[in-house]
Amino acid sequence: MENVTTLGEFIIEKQQDFPGSTGEFSRLLSAIRLASKIVSQQVNKAGLLSHILGAVGSQNIQGEDQQKLDVYANNQFIKALRARKVVAGIASEENDDFIPINPDGQYIVSMDPLDGSSNIDVNVSIGTIFSIYKRVTPKGSPVSMEDFLQKGTEQLAAGYVIYGSSTMLVYTTGKGVNGFTYDPGLGVFILSHPNLKTPEKGKIYSINEGNYQKSPAGVQKYIQYAQQIDKESNRPYTARYIGSLVADFHRNLIKGGVYMYPSTTSAPNGKLRLLYECNPIAFIIEQAGGKASDGENRIMEIEPNDLHQRVPFFVGNSDMVEKLEGFLREEA
Ligand code: AHG
Ligand code: MN
Ligand code: MN
């Protein structure tokens with residue numbers, strides 16, 4: 001193989017952009033890389049492992065059934081992050097409260113260890129989402145809630161892993177977005193999608209359309225707009241919805257489209273969580289030239305007030321998100 005860059009090499013190369021850096025941030029990314037490989041391996045054989053497939057029989061704080069792989073992935077990521085000693089604390093979808101790790105660490109991680117868990121048992125793509133901040137409380141003290149409730153604009157890095165037909169790790173540190181594809185034979189992630197940008201024109205709309213009647217009028221109007229025939233604007237758009245945010249977002253990032261999870265009459269704040277689903281995805285789409293909004297406000301400027309806070313989420317191609325925001329304003 002010629003001219004390949006592995007994720008490990010890439011991380012070291014980028015560290016050199018920060019003279020005097022302690023390497024702690026690189027160690028943190030390496031922990032995520034390691035846990036992703038372990039989870040990827042389990043996901044690939046999930047169908048064979050009865051201890052991995054199916055529900056645990058418990059629910060998380062949000063009343064969702066925890067799948068075994070949710071718990072497995074959560075443990076693997078926590079274990080890997082704990083071992084590197086650079087992380088002060090972790091917030092996870094699967095834990096009611098944040099987990100204090102090392103008082104001397106300076107980084108905070110928020111994560112959705114397994115996204116799209118309803119798809120595990122049916123062999124459909126799932127993912128991991130992560131977001132990294134610097135703590136605001138002084139090093140040496142235990143972490144506190146304010147370290148976690150930072151606005152998305154404060155993110156140092158964010159990314160996701162998609163366990164799909166290949167496993168990929170896509171991340172940003174605020175200098176563009178890079179995607180790495182896992183080679184299971186070599187056990188390394190290889191830079192396959194350098195400097196990812198989302199297409200300027202999008203053609204895909206992604207929403208759980210079963211919730212149509214329960215969605216705001218502006219969203220209904222956008223769906224009708226997406227289905228209208230108009231050659232000039234490339235409509236009708238194509239409908240695609242997997243039900244795994246990571247997979248739906250990844251497809252739209254590459255092909256161009258908009259993903260929507262609005263407020264509904266039964267879920268007035270939508271379903272997706274600000275800290276470990278919306279903010280990291282928002283950071284990535286902005287770095288790739290797109291937009292993320294709650295219908296009115298930029299996602300990354302929302303002041304968080306709870307670890308598991310939910311927000312309506314509209315993300316993707318800028319023109320499409322703006323069009324949708326226009327309909328939501330008109331119908332408000
Ligand atoms: P999680 O598995 O982490 O709880 O997230 C599931 C989320 C997200 O991945 C997906 O986009 C959304 O739930 C799908 O929700 P619906 O089934 O309501 O469409
Ligand atoms: Mn999720
Ligand atoms: Mn999850």
Side-chain angles (χ1 to χ4, degrees), residues 35-36 39 42-43 46 52-56 58-78 90-96 109-131 158-164 204-216 219 223 239-253 257-282 284-285 292 294 299 307-316:
S36 313
V39 172
Q42 291 298 308
V43 168
I52 283 293
L53 266 192
V56 187
S58 56
Q59 290 191 331
N60 63 17
I61 191 178
Q62 296 153 77
E64 296 156 337
D65 288 333
Q66 283 184 312
Q67 302 291 315
K68 288 177 190 166
L69 199 56
D70 281 330
V71 175
Y72 179 84
N74 196 36
N75 291 341
Q76 290 303 325
F77 275 91
I78 292 171
I90 301 173
S92 165
E93 181 192 334
E94 302 306 330
N95 297 87
D96 305 357
V109 178
S110 293
M111 63 175 180
D112 178 353
L114 217 292
D115 171 69
S117 33
S118 64
N119 285 317
I120 297 170
D121 287 5
V122 290
N123 216 341
V124 171
S125 300
I126 47 186
T128 297
I129 313 174
F130 61 90
S131 169
Y160 60 83
V161 185
I162 172 167
Y163 311 101
I204 298 173
Y205 76 103
S206 307
I207 184 167
N208 184 343
E209 238 173 296
N211 291 332
Y212 184 90
Q213 299 291 345
K214 300 203 282 182
S215 298
V219 170
I223 294 173
R240 289 284 184 273
Y241 191 75
I242 296 168
S244 287
L245 170 65
V246 167
D248 280 305
F249 173 76
H250 182 74
R251 178 201 54 240
N252 290 1
L253 170 68
V258 62
Y259 174 93
M260 301 173 262
Y261 211 109
S263 59
T264 64
T265 47
S266 48
N269 297 317
K271 178 176 185 190
L272 301 176
R273 277 68 44 117
L274 178 60
L275 291 194
Y276 43 80
E277 291 179 315
C278 304
N279 269 334
I281 296 289
I284 291 170
I285 197 67
D294 69 353
I299 286 290
L307 284 186
H308 302 287
Q309 175 177 350
R310 297 173 195 266
V311 281
F313 192 44
F314 306 101
V315 60

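When a ligand or atom number is given, it counts from 1 through the structure's own listing order.
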Out of [options], whose heavy atom is nearest to [atom]?
atom                    : options                        : value
atom 19 (O) of ligand 1 : Phe313, Tyr241, Tyr276, Tyr259 : Tyr241
atom 13 (O) of ligand 1 : Glu93, Lys271, Glu277          : Lys271
atom 16 (P) of ligand 1 : Asp70, Thr128, Asn208          : Asn208
atom 10 (C) of ligand 1 : Ser206, Gly243, Pro113, Ala267 : Gly243

When rounded to the nearest 0.5 angstrom, what distance separates [atom1] in [X] from [atom2] in [Y]?
X      : Y      : atom1 : atom2 : answer
Ile242 : Asn208 : CD1   : CG    : 13.0 Å
Arg310 : Cys278 : CZ    : SG    : 10.5 Å
Leu272 : Leu275 : CG    : CG    : 12.5 Å
Leu253 : Ile204 : CG    : CD1   : 11.0 Å

Determine, step by step, whether Phe249 and Ile162 satisfy the side chain to side chain contact (heavy atoms under 4.5 Å, CB included) criterion, reporting the C-alpha distance in whole Å, the side-chain angles of both residues, the deciding distance to 0.1 Å, and the verdict.
-> CA-CA 10 Å; Phe249 173 76; Ile162 172 167; over 6 Å; no

With distance as the sole test, does Asp115 use its side chain to make a donor-acceptor pair with the main-chain N or O of Leu245 at under 3.5 Å?
->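 Checked: pair present.
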
Aromatic plane relationship, Tyr259 with Tyr241 - under 30° parallel, 30 to 60° tilted, over 60° perpendicular |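 Judged by the thresholds at 30° and 60°, the geometry between Tyr241 and Tyr259 is parallel.
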
What part of Asp112 sits under 4.0 Å from ligand 1 if we count only heavy atoms: the side chain, the backbone, both or neither?
->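 The part of Asp112 near ligand 1 is the side chain, not the backbone.
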
Heavy-atom contacts under 4.0 Å between Arg273 and ligand 1: side chain, backbone, both, or neither?
->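 It is the side chain that touches ligand 1; the backbone stays farther off.
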
Mind counting the protein N, O or S atoms sitting less than 2.8 Å from the Mn ion (ligand 2)?
->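 Protein N, O or S neighbours of the Mn ion (ligand 2) under 2.8 Å, waters not counted, come to 3.
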
N or O contact, [X] vs ligand 1, cut-off under 3.5 Å:
X      : value
Ser117 : yes
Leu245 : yes
Tyr261 : yes

List the steps and the verdict of side chain to side chain donor-acceptor pair (under 3.5 Å) for Ser206 and Asp248.
-> CA-CA 7 Å; Ser206 307; Asp248 280 305; 4.5 Å; no

Would you mind listing which atoms of ligand 1 come within a distance below 4.0 Å of any non-hydrogen atom of Leu114?
->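 The atoms of ligand 1 under 4.0 Å from a heavy atom of Leu114 are 2 (O), 3 (O).
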
Which ligand 1 atoms does Ser244 reach within 4.0 Å, using its non-hydrogen atoms?
->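 Answer for ligand 1: 9 (O), 11 (O).
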
Scan side-chain atoms only and decide if Thr128 and Tyr163 contain a donor-acceptor pair under the 3.5 Å cut-off.
->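 Yes, Tyr163 and Thr128 have a side-chain donor paired with an acceptor closer than 3.5 Å.
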
Residues Asn74, Asp70; criterion side chain to side chain contact (heavy atoms under 4.5 Å, CB included); working and verdict = CA-CA 6 Å; Asn74 196 36; Asp70 281 330; over 6 Å; no

Got a sec, which residues hit side-chain contact (heavy atoms from CB on, under 4.5 Å) with Ser131, two or more places apart in sequence or on another chain?
->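 Result, side-chain contact (heavy atoms from CB on, under 4.5 Å) vs Ser131: Ser110, Tyr133, Gln155, Pro280.
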
